[in-house]
Amino acid sequence: MKKLGRNSPCWCGSGKKYKQCHLNRDKLSRKRPIKAISAEMWAGIEEAREKAEAQELLRKSQQGKGKPIISTEFNGHRLVAVGNKLHFQPLEQANTFSDFLYGYLLNKFTKEWWKAEENKENPHTLIQWHCELLDHQRKHLRGGVSEMPLTGVVSSFYNLAYNLYLLEHNVELQTHFLNRLKNEDLFFPAVYETYISAWFTLAGFSIDLEEEADPSITHVEFVATAENGEKFSVEAKQRQANKDGFAIGNQLAKALKKAATSKRIVFIDLNVSQERILEDQEAFITGMNERITDREQKLYVNDKPAPEAYLFITNHPYHLHLSESNLKHFLLIDGFKIPDFNTRRPLALVEAFKSKQKHQNIWRVVDAIKNYSIPSTFDGKLPEETFGDMDRRFVLGQNYKLPNSKVGKITDAIVNAEKNEAVLFVHTEDDQVITIVEALTDEEMQAYKRHPETFFGKIRETSKSADTPLELFEFFYESMKGVTRDKMLDWFKDASDIELLKALNDEELLLKYIERHVQAVVNQKNK
């Protein structure tokens with residue numbers, strides 16, 4: 001190891017002189033002479049970085065894009081930092097993150113509040129949920145880490161706890177929601193608002209309540225700001241439970257009357273039993289589309305045509321099926337007076353692709369809703385690894401003991417999902433590459449299917465199925481970005497509209513190039 005000179009090759013391997021690369025940054029960060037880093041040490045640094053990136057991706061896939069769960073064990077207790085507060089629970093009561101959420105929700109409403117409500121002739125809805133949850137737990141839980149059927153009351157109770165945790169940990173707006181939740185008349189609308197806040201948090205948005213100093217002006221629920229700075233005014237409405245029909249006109253009109261400083265997003269929860277939607281889902285969607293089109297043409301707000309808005313129609317039926325399992329939430333999205341986000345009419349491929357790019361922040365919220373679930377582990381590790389029998393991991397870069405007692409390093413690996421096998425490529429010290437096939441257990445296969453991109457400890461691109469022409473278009477777009485203009489025009493040379501294609505700029509030409517490739521694939525499939 002020797003001291004690096006200003007004109008020496010930089011330690012990072014970029015090929016630049018040290019003074020033109022990392023010298024100034026190193027001076028600011030270390031305030032001491034920099035020594036050269038060997039190739040072996042640099043490889044170790046790169047390997048550690050790749051593993052850390054994979055672990056962070058795995059964590060985000062379970063915990064979303066908000067702040068990570070901050071937790072440790074100390075003196076027989078589980079310590080969890082939530083916002084600026086530290087919560088303690090005995091370890092035996094906090095094996096999983098869901099265990100922690102149970103005690104967390106009880107403490108949020110205070111012992112005094114619980115006692116007062118329990119003594120009432122008609123206790124608060126949350127008290128009723130808790131009583132039914134306790135009965136359910138007594139029937140199915142046997143101590144330690146065990147499972148119980150996911151019924152409506154389990155989802156209702158724990159989802160509310162998780163939503164409140166996300167609010168306190170990320171945006172510090174929990175007091176506003178707690179006051180509303182304690183009011184029985186406001187309880188269900190407030191629960192719905194906690195879901196919406198949680199979805200935006202998990203999608204990486206920041207959330208701010210608008211100042212309500214002027215009572216003469218109505219305000220939206222909150223303003224959500226995306227990672228790229230784009231702002232949205234978010235309003236939520238919930239229909240009365242199990243109301244006849246599926247009319248949403250009144251809720252939409254009330255939402256659009258609220259003063260908004262940014263692009264509007266309106267959430268409307270239908271609040272009906274699950275079977276009312278599932279009995280004829282196609283007819284339901286057709287009817288809902290007709291209602292939205294009708295409101296676009298006829299709805300006026302303050303004597304003016306109603307403003308545009310992104311529209312999220314949801315149905316979360318958990319509280320209407322407390323003892324039932326296999327419950328599903330419903331989501332329909334549309335652009336109210338937003339022509340290029342209108343899901344009621346089919347879009348051409350290029351138009352659909354551009355729409356998805358333009359409205360990408362809305363699609364991030366959609367993904368958060370689809371993937372919404374409570375994490376099991378505190379540290380973002382695989383639950384199969386933490387709680388199950390999955391006691392091994394095949395990690396790229398780690399040593400592997402071969403049958404002949406030699407030790408090699410796993411340099412590559414793939415999973416054969418059809419045979420439940422992992423194929424490992426092991427590089428030995430004598431520069432041989434040996435292929436090893438390892439049978440995967442059911443738990444290992446489950447872990448792979450949940451998180452295939454990080455299964456081998458580093459981020460790996462995994463093949464994604466392209467089930468629709470748009471998904472195929474997106475796949476081609478990522479893989480064809482480097483195609484030169486000359487190559488595209490040569491491919492188009494026999495096209496009848498070649499002169500029009502030549503007049504397009506590079507990006508538009510690329511989109512046309514991809515569109516016709518997709519059409520060729522679709523036509524081939526249809527033969």
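Taking the six-membered ring for Trp and thresholds of 30 and 60 degrees, W114 and F109 have ring planes more than 60 degrees apart, a perpendicular arrangement. Relative orientation of the F187 and W129 rings is perpendicular, given thresholds of 30° and 60° on the angle between their planes. Relative orientation of the Y165 and H169 rings is parallel, given thresholds of 30° and 60° on the angle between their planes.
Between F284 and F330, the gap from one ring centroid to the other is short of 6.0 Å. You'll find the ring centres of F353 and F473 inside the 6.0 Å limit. Aromatic ring centroids of Y102 and H130 lie under 6.0 Å apart. Side-chain rings of Y318 and H329 stay apart, their centers remaining 6.0 Å or farther from each other.
Heavy atoms from other residues, nucleotides or ligands lying under 6.0 Å from CD of Q240 number 12 at most. Around atom CG of D442, no more than 12 heavy atoms belonging to other residues, nucleotides or ligands sit under 6.0 Å away. Around the CD atom of E282, the shell of radius 6.0 Å holds no more than 12 heavy atoms that belong to other residues, nucleotides or ligands. Counted within 6.0 Å of NZ on K182, heavy atoms from surrounding residues, nucleotides or ligands total more than 12; the atom is thus considered enclosed. The environment of NZ in K370 is sparse: at most 12 heavy-atom neighbours from other residues, nucleotides or ligands sit within 6.0 Å.
Counting only heavy atoms from C-beta outward, the side chains of H87 and E168 approach each other to under 4.5 Å. Taking the side chain as every heavy atom from C-beta outward, L331 and I333 approach each other to under 4.5 Å. Put simply, the side chain of I338 does not reach to within 4.5 Å of the side chain of L311, judged on heavy atoms. Looking at heavy atoms from C-beta onward, H136 lies in side-chain contact with V154 at the 4.5 angstrom threshold. In this structure, the side chains of F341 and W363 come closer than 4.5 Å at one or more pairs of heavy atoms. Between Y477 and L472 the shortest side-chain heavy-atom distance does not fall below 4.5 Å. The shortest distance between side-chain heavy atoms of S325 and P149 falls below 4.5 Å. Using a 4.5 Å heavy-atom cutoff, the side chains of Y104 and V82 are in contact.
Between the N242 side chain and the S273 main chain, a donor and an acceptor come within less than 3.5 Å of each other. Looking at S233, its side chain does come within 3.5 Å of a backbone N or O of S262 through a donor-acceptor pair. Remark: the backbone N or O of H124 is not paired with any side-chain donor or acceptor of E184 at under 3.5 angstrom. Distance alone, capped at 3.5 Å, places no donor-acceptor pair between the Q238 side chain and the I268 backbone. Side-chain atoms of S155 do not come within 3.5 Å of backbone N or O of G152 as any donor-acceptor pair. Between the side chain of D269 and the backbone N or O of H316, at least one donor-acceptor pair lies under 3.5 Å. Checking side-chain atoms of S71 against main-chain N and O of L79 turns up a donor-acceptor pair under 3.5 Å. Judged by distance alone, with hydrogens and angles left aside, the side-chain atoms of R239 form no donor-acceptor pair with the main-chain N or O of Q251 at under 3.5 Å. Using modelled atom types, one side-chain atom of T468 and one backbone atom of E471 make a donor-acceptor pair closer than 3.5 Å. R345 places a side-chain N or O within 3.5 Å of a backbone atom of P339 that can act as its donor or acceptor partner.
Between K258 and E235 there is a salt bridge, with a side-chain nitrogen of the basic residue lying less than 4.0 Å from a carboxylate oxygen of the acidic one. Ionic pairing of D340 and K358 is present here: one or more N-O contacts between side-chain nitrogen and carboxylate oxygen are shorter than 4.0 angstrom. Using a 4.0 Å cut-off between charged side-chain N and carboxylate O, D294 and R291 make no salt bridge. Using a cut-off of 4.0 Å between Lys/Arg side-chain N and Asp/Glu carboxylate O, E118 and K115 are scored as not salt-bridged. The pair E308-K263 fails the salt-bridge criterion, with no side-chain N (NZ, NE, NH1 or NH2) lying under 4.0 Å from an Asp/Glu carboxylate O.
Minimum heavy-atom separation, E444 to L440: OE1-CA, 3.2 Å. Minimum interatomic distance between F177 and E193 (heavy atoms only, all atoms of both residues): CE2-CB, 3.6 Å. Of all heavy-atom pairs spanning F100 and Q89, the tightest one is O-NE2, 3.0 Å. Considering every non-hydrogen atom in both V301 and A253, the closest pair reads CG2-O, 4.5 Å.
The side chain to side chain contact (heavy atoms under 4.5 Å, CB included) test with F394 singles out one residue from L424, V415, V423, and that residue is L424. Remark: of the listed residues L252, N342, T293, L252 is the sole one forming a side chain to side chain contact (heavy atoms under 4.5 Å, CB included) with F336.
The cationic atom of R364 (NZ for Lys, CZ for Arg) does not lie both less than 6.0 Å from the six-membered ring centre of F200 and within 45° of the ring axis. Taking the ring centre of F378 as origin, the terminal cationic atom of R78 falls inside the region bounded by 6.0 Å and 45° from the ring axis.
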